[in-house]
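Everything below concerns the one structure shown next.
These numbers come from a predicted model, not from an experiment.
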Amino acid sequence: MCRIAAYLGKERIPLSSLVLEPEHSLLVQSYAPKEMMSGVVNADGFGAGWYAPEIDGEPAVYKSNAPIWADRSFGSIAPRVRSATVLAAVRSATPGLPAEESGVPPFASGPYLFSHNGAIKDFRATAMRRLRDSLSDASYSGLLGVTDSETIFALLLDRLRDAKVRPGDAGALAEATIETIRQVSTTCTKLGVPASLNVGVTDGEAMVFVRYSTEGPGNSLYFVEDGETFPNAVVIASEHLDGNAGWRQVPDRHFLVADSEGVTTRPL
């Protein structure tokens with residue numbers, strides 16, 4: 001499991017204002033999460049991805065397989081790096097999967113950043129081969145590790161390439177994400193394998209998040225628009241980052257789309 005936080009706004013903010021500074025930031029959630037459905041802490045690494053469109057359209061990513069509280073370098077960098085699009089996460093490695101940097105979110109490829117909060121049960125012994133056998137050569141050759149999260153992202157990248165989706169097309173990004181979740185869910189259901197599949201993806205201009213599980217309610221997911229701490233922006237997170245009354249829960253088995261037009265949530 002992981003805890004995720006994402007920002008999409010009109011103003012560039014320091015990474016620290018999303019990841020480190022809120023009263024219930026990802027830093028706090030790494031050692032004191034409130035709504036984890038499995039695990040106790042998120043100490044198996046962390047990562048943050050952000051965009052600098054004045055340079056190019058691909059994100060920069062900082063990742064470590066150390067706990068976020070142990071990384072002094074990030075604490076020094078985060079207040080000095082600003083972006084209008086940020087996706088960050090702290091990781092609790094799924095049992096049976098290695099705690100190494102290849103499994104730390106967010107994952108990046110081309111213009112996309114991706115994170116997964118959840119797990120496919122006994123992934124390496126159950127759904128891994130079935131799902132990876134369906135990948136294109138391009139996506140398969142890009143795999144660095146053995147996690148379910150990286151596999152889901154590779155499946156999504158295939159759909160995005162096949163549909164020739166361009167950055168900023170929120171509808172097409174949402175369609176590809178939903179179809180990927182349906183593919184993974186169908187495969188896992190046929191195998192009798194439970195899967196929790198909260199995912200988030202951004203291309204720097206739009207964001208899509210899904211709250212879904214094959215069994216029972218999905219992991220927690222919330223969003224706030226134009227909050228006091230983050231005006232003219234939407235923030236999506238696994239748990240409330242602060243006490244703002246504007247936080248709303250993404251309903252179970254729904255997806256969220258955020259872009260310059262605002263935020264919408266719809267059933268899958």
Side-chain angles (χ1 to χ4, degrees), residues 1-4 33 35-47 63 65 89-109 112-162 175-201 208-221 238 250 252-255 268:
M1 299 295 177
C2 299
R3 302 282 85 181
I4 301 171
E35 299 185 58
M36 290 268 287
M37 296 179 69
S38 67
V40 178
V41 296
N42 294 281
D44 296 319
F46 75 97
K63 295 203 286 188
N65 59 358
V90 290
R91 184 189 186 210
S92 175
T94 301
L97 297 180
E100 59 185 22
E101 191 173 311
S102 67
V104 175
F107 302 92
S109 179
Y112 301 107
L113 285 171
F114 174 88
S115 192
H116 167 220
N117 173 25
I120 297 173
K121 187 175 181 180
D122 298 327
F123 175 66
R124 296 177 71 179
T126 57
M128 179 176 173
R129 183 166 183 175
R130 185 78 60 88
L131 292 173
R132 292 195 169 194
D133 280 352
S134 70
L135 291 172
S136 68
D137 289 343
S139 284
Y140 191 89
S141 64
L143 295 170
L144 298 177
V146 295
T147 64
D148 47 4
S149 303
E150 189 183 22
T151 304
I152 296 167
F153 184 37
L155 293 166
L156 173 58
L157 289 173
D158 274 344
R159 292 188 179 275
L160 292 167
R161 278 191 289 263
D162 289 347
E175 183 176 355
T177 305
I178 292 164
E179 288 304 314
T180 300
I181 294 302
R182 286 175 177 161
Q183 177 187 356
V184 175
S185 175
T186 298
T187 298
C188 291
T189 299
K190 288 180 178 178
L191 294 170
V193 178
S196 50
L197 301 170
N198 280 25
V199 303
V201 60
V208 176
F209 276 76
V210 174
R211 183 184 179 202
Y212 180 83
S213 177
T214 58
E215 296 184 1
N219 291 303
S220 57
L221 188 64
S238 300
V250 177
D252 193 35
R253 297 199 170 194
H254 277 60
F255 69 96
L268 289 170

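- Under the rule for a side-chain contact (heavy atoms from CB on, under 4.5 Å), the partners of S136 that lie at least two apart in sequence or sit in another chain are A138, S139, D158, R161.
- In terms of modelled atom types and a separation under 3.5 Å, the side chain of R91 and the main chain of G103 share a donor-acceptor contact.
- A heavy-atom distance below 4.5 Å is not found between the side chains of L221 and H254.
- In terms of the side-chain contact (heavy atoms from CB on, under 4.5 Å) criterion, residue partners of A127 (sequence neighbours excluded) are, by chain and number, I120, F123, L131, C188, L191.
- Shown here is R253, whose CZ atom has more than 12 heavy atoms of other residues, nucleotides or ligands within 6.0 Å.
- Here the side chains of F209 and V250 are not in contact, with every heavy-atom distance at 4.5 Å or above.
- At most 12 heavy atoms of other shown residues, nucleotides or ligands fall within 6.0 angstrom of atom NZ in K121.
- Checking side-chain atoms of S185 against main-chain N and O of I181 turns up no donor-acceptor pair under 3.5 Å.
- Shown here are the side chain to side chain donor-acceptor pair (under 3.5 Å) partners of S134, two or more places apart in sequence or in another chain: Q183.
- In this structure, F114 and F153 have parallel ring planes: the angle between them is below the 30° cut-off, well short of the 60° mark.
- Under the side chain to side chain donor-acceptor pair (under 3.5 Å) criterion, Y112 pairs with no residue, sequence neighbours left out.
- Not counting sequence neighbours, the partners of R3 by the side chain to side chain donor-acceptor pair (under 3.5 Å) test are S220, E239.
- Here E175 pairs with nothing under the side chain to side chain donor-acceptor pair (under 3.5 Å) rule; sequence neighbours left out.
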